[in-house]
Amino acid sequence: MATVYVATDLRLDRRVAIKVMHHHLSDDAVFTDRFIQEARSAARLAHPNVVNVFDQGQDGESAYLVMEYLPGMTLRDLLQEYKTLTPEQTMDIMEAVLSGLAAAHRAGIVHRDLKPENVLLADDGRIKIGDFGLARAVSANTATGQALLGTIAYLSPELVTRGVADTRSDIYAVGIMMYEMLAGAQPFTGDQPMQIAYQHANDTVPPPSEANPAVPVELDELVLWATAKDPEQRPRDAAAMLDQLFEAQNLMERRGVVGTGVHRTVVMPAAVGPELPATAETQVIGAAASLDHGRAVPIAAAAGATDAPASAQTLARKADRRRRRGFVWLTLVLLLAAFAGGTGWYLSSTVPLPDVAGDTVAEATETLAAAEFEVNRTDATDPQVEPGRVIRTDPAPGDTVIRGSTIEVVVSTGPQLIRIGDYREKPEDEVRAAFADFQVAEQNLQQFSDVDRGLVLLALDADGNELGATYPEQRPVQLVVSAGPIPDVAGQDYDSAVDELEEAGLTVEQNVQQFGDLDEGLVFDVLDVNGNELTPAFPEQGAVQLVVSAGPIPDVVGEDYDDAAAELQEAGLTAERGDDAFSDTIPAGSVTSVTATTDPVRAGDTVTVTVSKGPDLVEVPDVVGLTRDEAKTAIAEAGFRYTYSPFWDAVPNEITGVAATTPEPNTMQKRGSTISLGITASG
């Protein structure tokens with residue numbers, strides 16, 4: 001149902017265990033109710049042998065419990081390591097388990113899933129029971145419904161046959177656990193769960209001493225009492241069995257079977273009787289005297305009297321009689337019953353289970369119903385099987401199964417959706433570990449960026465798109481990893497730039513010549529093969545071209561046009577003659593300027609060449625005989641400047657007249673040159 005994490009309570013600064021229900025179960029109201037029921041059941045108990053539950057809540061779709069953290073191991077771990085336990089070890093563990101279970105029974109709670117995996121052995125010696133996920137109130141309907149709840153190896157006969165559980169069902173599970181600790185194995189085994197369930201319902205648990213002769217008779221009888229097939233023949237609850245465990249321990253200590261352990265607190269009589277004189281002297285009480293949970297062992301029995309508790313004596317006498325009968329009759333009866341009843345029933349009631357893996361639910365149900373089986377559907381995620389089709393069955397296909405049995409059909413809901421955390425700009429190894437549920441490609445995509453080399457930039461799905469908030473398990477993922485920044489080779493010579501770029505993982509395919517201020521052969525820039533600027537996201541192993549300086553554009557000013565065009569052509573440029581222009585300094589037919597038509601100018605580009613027409617000459621107008629102002633206007637309109645004596649500006653225009661000009665009228669002069677006016681007074 002859930003995954004358990006070790007966590008730190010930041011508010012109280014303590015280690016806790018957080019039990020988080022699996023996401024794919026959150027939509028199932030039954031599982032959610034069981035999960036919450038565990039919190040409520042455990043919260044009603046306050047006992048040193050029960051795991052404490054501190055809190056329960058919901059974070060989005062995730063239901064969780066906050067529980068006491070117990071570093072150590074489980075009883076299952078202990079059994080796997082040592083196989084069998086000594087009687088003393090068994091009784092110590094049983095005392096703690098029964099104490100915690102008695103508290104649950106007093107609170108009206110039936111655990112319903114007791115097993116060694118749920119008995120926790122802390123490093124500091126504490127023993128606690130946990131996992132109340134299947135617990136129910138005694139007053140509630142404790143029927144399991146269509147499916148058995150619990151672990152098959154510890155289910156009581158009434159749970160198997162009628163699906164009903166009460167406190168005595170927990171006692172049966174305790175008895176099976178006690179047998180396993182003493183004998184080193186479970187009493188009933190089989191290849192299929194139904195075989196084990198059949199044995200629980202029909203067979204009697206043997207004494208553990210048959211498998212381990214070192215088991216005392218008192219513990220033999222305690223196991224047989226707890227595992228009686230009829231619930232009425234078992235202890236009524238954990239408190240009753242705990243009392244009997246203490247009585248059995250007292251008998252064993254008196255017989256010297258086990259050593260005397262730490263003495264329990266003895267409750268003395270309320271008043272001093274005649275047997276104990278009222279003196280201040282210390283009275284010696286028998287070592288076996290003990291009490292737990294307020295149940296005192298009589299002092300006379302503790303002191304070694306022959307009158308042991310009646311129930312303990314009864315158990316001992318029954319064990320002696322059973323051992324005297326011997327194993328011959330028991331073996332004969334079991335063999336005859338198994339052969340006569342089991343063989344005939346098995347042959348007539350079992351059939352091979354059909355293989356329905358890959359079928360739809362409707363197809364699998366129809367096939368199993370035709371073979372006289374009941375079907376119980378369970379949904380599970382699967383990265384390979386299509387949603388709505390059967391993943392597997394329990395029992396497995398081909399197994400021989402009793403007709404009418406319930407077959408667990410596990411149906412695929414598709415791959416589990418895994419939540420994607422923040423992976424950007426983290427080391428590749430760390431991201432690969434976080435993506436363990438996906439099929440991460442071994443070969444990364446390398447991409448230049450401003451991020452340090454080796455950090456992950458993107459994770460792409462099977463279609464090449466960036467991963468979203470969730471992604472299906474076992475699906476392919478491609479990582480895009482930073483190759484660091486693109487090397488800056490501007491100003492380097494061509495060979496050095498090529499070496500540095502290729503060392504960074506780029507391929508230099510060509511170069512482009514560009515005219516400019518850099519010395520010839522030095523690198524201006526790095527572009528992609530299409531001539532575009534490189535971006536930080538440029539891929540590693542990408543092809544680039546270098547822009548290399550060809551030096552400045554050749555200076556052809558003053559040269560003849562044909563010579564200038566040839567020189568420009570030799571430098572890699574195409575000369576195109578533009579409109580000729582007047583020039584006072586460049587002779588006609590020579591180049592006055594070269595103008596670029598592109599920016600920047602690269603080899604093969606066209607430049608415009610302007611050729612001189614020589615100076616611009618204009619005819620000097622004839623202004624002789626005109627007044628001062630008329631002469632000034634005519635000279636200016638012709639494109640010349642003029643000059644004359646400032647004296648004539650003080651004389652009225654009407655009495656002035658131009659007598660001569662320098663240069664003379666009707667001569668050709670440069671536009672913009674100055675004409676000197678000779679002015680006189682008229683009439």
Side-chain angles (χ1 to χ4, degrees), residues 424-425 443-460 463-466 478-557 561 564-579 591 593-610:
R424 294 172 183 80
E425 300 186 14
Q443 189 68 30
N444 298 323
L445 295 177
Q446 300 289 327
Q447 180 174 295
F448 290 98
S449 75
D450 296 332
V451 177
D452 291 344
R453 185 180 184 88
L455 300 184
V456 175
L457 301 175
L458 288 175
L460 308 178
D463 298 325
N465 300 317
E466 183 179 353
Q478 178 74 64
L479 297 182
V480 180
V481 179
S482 173
I486 298 174
D488 182 7
V489 296
Q492 297 184 19
D493 64 81
Y494 177 80
D495 292 336
S496 299
V498 170
D499 292 342
E500 185 170 347
L501 291 173
E502 290 182 346
E503 184 178 353
L506 293 170
T507 301
V508 180
E509 289 193 351
Q510 60 190 33
N511 63 77
V512 177
Q513 298 294 314
Q514 178 175 310
F515 294 90
D517 296 333
L518 285 179
D519 292 341
E520 185 176 356
L522 300 184
V523 174
F524 272 113
D525 202 356
V526 182
L527 307 176
D528 64 19
V529 291
N530 296 319
N532 300 315
E533 293 287 340
L534 300 185
T535 65
F538 195 74
E540 191 182 42
Q541 305 299 332
V544 298
Q545 60 181 344
L546 290 180
V547 181
V548 182
S549 175
I553 297 175
D555 184 8
V556 295
V557 174
Y561 172 76
E567 186 175 347
L568 292 171
Q569 185 70 33
E570 185 179 353
L573 296 171
T574 301
E576 183 180 80
R577 184 165 181 169
D579 295 334
V591 175
S593 65
V594 177
T595 305
T597 59
T598 60
D599 185 22
V601 181
R602 292 177 180 166
D605 287 351
T606 299
V607 293
T608 300
V609 178
T610 303

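Please read all numbers here as calculations on a predicted model, not as lab measurements. Numbers here are sequence positions counted from 1.
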So, the side chain of Arg453 versus the backbone of Ser482: is there a donor-acceptor pair under 3.5 Å, distance only? no

If you measure from OG1 on Thr597 to CD on Glu576, what distance do you get to the nearest 0.5 Å? 7.5 Å

I'd like to know if the side chain of Gln478 and the backbone of Gln443 have a donor-acceptor N/O pair within less than 3.5 Å. yes

Quick check against the 3.5 Å criterion: does Thr608 have a side-chain atom that pairs as donor or acceptor with the backbone of Gly578? no

What are the two closest non-hydrogen atoms of Phe524 and Gln514, and how far apart are they? CE1-O, 3.5 Å

Do Val609 and Leu568 come close enough that some side-chain heavy atom pair is under 4.5 Å? yes

Test side chain to side chain contact (heavy atoms under 4.5 Å, CB included) applied to Asn511 and Val547, step by step: CA-CA 6 Å; Asn511 63 77; Val547 181; over 6 Å; no

Flag the pair Val512 / Leu527 as yes when at least one side-chain heavy-atom distance between them is below 4.5 Å, and no otherwise. no

Out of the candidates Leu479, Leu460, Leu457, Leu458, only one should pair with Leu445 under the side chain to side chain contact (heavy atoms under 4.5 Å, CB included) rule; please name it. Leu460

Could you grab the distance from atom CD of Glu567 to atom CG of Leu573, nearest 0.5 Å is fine? 10.5 Å

Is the side chain of Asp499 donor-acceptor paired with the backbone N or O of Ser496 at a distance under 3.5 Å, no angle test? no

Measuring from atom CZ of Arg424 to atom CG of Leu455, what distance do you get when rounded to the nearest 0.5 angstrom? 13.5 Å

Do Gln545 side-chain atoms and Asp528 backbone N/O form a donor-acceptor pair below 3.5 Å? yes

Please say whether more than 12 non-hydrogen atoms of neighbouring residues, nucleotides or ligands are located less than 6.0 Å from CG in Asn465. yes

Go through the steps to decide whether Leu546 and Leu501 satisfy the test side chain to side chain contact (heavy atoms under 4.5 Å, CB included), and finish with yes or no. CA-CA 10 Å; Leu546 290 180; Leu501 291 173; 3.5 Å; yes

Asn530 side chain to Asn532 main-chain N or O, any donor-acceptor pair under 3.5 Å? no

List the steps, then state whether side chain to side chain contact (heavy atoms under 4.5 Å, CB included) holds for Phe515 with Asp605. CA-CA 10 Å; Phe515 294 90; Asp605 287 351; over 6 Å; no

Say you draw a straight line from OG1 of Thr507 to CD of Gln510; how long is it, rounded to the nearest 0.5 Å? 12.5 Å

In short, Glu500 meets Pro487 closest at the heavy-atom pair OE2-CB, 3.6 Å

Tell me the closest heavy-atom pair linking Val601 and Ala596, and the distance in Å. CG2-CB, 3.4 Å

Heavy-atom donor-acceptor pair, Asp493 side chain to Asp495 backbone, under 3.5 Å: yes

Verdict with reasoning, Asp525 to Glu533, per side chain to side chain contact (heavy atoms under 4.5 Å, CB included): CA-CA 9 Å; Asp525 202 356; Glu533 293 287 340; 2.9 Å; yes

